[in-house]
Amino acid sequence: MTSVRNLLAICATSGFLVFSRAEASEELSHDIAAQPLAQALSEFATQTGLQVVYVSGVAATRTSKRAPRGLPPADALQRLLADTGLSFEFLNDRTVRIFARS
């Protein structure tokens with residue numbers, strides 16, 4: 001029940017960005033600057049059209065690295081998450097889960 005409650009809290013507070021497949025981009029159209037991680041992930045989602053799922057507390061105190069334009073989504077996420085202790089996995093072709101490494 002706690003997992004469901006956490007997922008609902010994420011949906012309510014994170015403002016998931018959902019785009020149709022036709023809007024998904026193959027690469028970053030603009031640089032994403034080093035910044036608070038939640039902001040960087042939001043910008044990433046806007047540019048790529050991917051839905052990014054994570055527990056808000058995971059990103060609360062972390063800062064992203066810079067990701068230059070032209071990178072494909074997986075490479076951009078690797079750059080953004082470098083040295084944060086976080087990782088990612090694609091749940092399907094449009095959804096990426098961000099999580100703490102164990």
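One-based numbering along the sequence shown.
At least one side-chain heavy atom of Phe44 sits under 4.5 Å from a side-chain heavy atom of Pro73. Glu27 places none of its side-chain heavy atoms less than 4.5 Å from the side chain of Arg69.
Note on residues 72-91: pairs passing side chain to side chain donor-acceptor pair (under 3.5 Å), not counting sequence neighbours, are Glu89-Arg97. Sorted by first and then second residue, the salt bridge (Lys or Arg N to Asp or Glu O under 4.0 Å) pairs involving residues 28-40 (not counting sequence neighbours) are Asp31-Arg66. Listed by first and then second residue, the salt bridge (Lys or Arg N to Asp or Glu O under 4.0 Å) pairs that reach into residues 46-63 come to none, sequence neighbours excluded.
A distance of 8.5 Å separates CD of Gln35 from CG of Leu80, quoted to the nearest 0.5 Å. Taking CD from Glu43 and CG from Leu28, the interatomic distance works out to 8.5 Å, rounded to the nearest 0.5 Å.
Arg101 and Leu81 make their closest contact through NH2-O, 4.4 Å (heavy atoms, listed as atom of the first residue, atom of the second, distance). Across all non-hydrogen atoms, the minimal contact from Ala33 to Ser64 is O-OG, 3.6 Å.
Annotation: side chain to side chain contact (heavy atoms under 4.5 Å, CB included) contacts of Val96 (sequence neighbours excluded): Leu50, Leu77, Phe88, Phe90, Ile98. Gln39 is linked by a side chain to side chain donor-acceptor pair (under 3.5 Å) to nothing, counting only residues two or more places apart in sequence or in another chain. In this structure, the side chain to side chain contact (heavy atoms under 4.5 Å, CB included) partners of Ala59, at least two apart in sequence or on a different chain, are Leu37, Ala38, Tyr54.
Thr46 places a side-chain N or O within donor-acceptor distance of the main-chain N or O of Ser42, the cut-off being under 3.5 Å.
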